[in-house]
Amino acid sequence: MPDTAATADVAAALLAAAADQGPGDTLRIVLLASIVGGVLLAWFLLRGYRADDTDAPGGEDGAAGTGGNTGRDANA
């Protein structure tokens with residue numbers, strides 16, 4: 001049968017050693033999650049500002065009143 005007092009002493013020593021190292025791992029995880037979250041938030045917010053909307057009045061070159069038919073003759 002293992003000595004439970006010795007096991008408890010070893011566990012207490014390991015916990016004390018871990019407490020001396022500080023919150024390094026936790027801060028790394030929080031920093032990484034913040035960076036990933038910021039990138040995802042930026043992607044989500046900026047994806048609505050893409051300039052590939054060809055259904056808008058004026059088309060690609062911004063000429064008003066062309067109805068999206070830019071650079072092409074409708075009678076050709």
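Throughout, residue positions are numbered sequentially from 1 according to the sequence presented. These numbers come from a predicted model, not from an experiment.
- Hydrophobic clustering places W43 together with L45 (ILVMFWY residues linked when any side-chain heavy atoms are closer than 4.5 Å, directly or through intermediates).
- Residue L27 holds its CG atom at 12.5 Å from CG of L32, rounded to the nearest 0.5 Å.
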- Determine, step by step, whether R28 and L31 satisfy the side-chain contact (heavy atoms from CB on, under 4.5 Å) criterion, reporting the C-alpha distance in whole Å, the side-chain angles of both residues, the deciding distance to 0.1 Å, and the verdict. CA-CA 5 Å; R28 282 188 200 105; L31 182 64; 5.8 Å; no

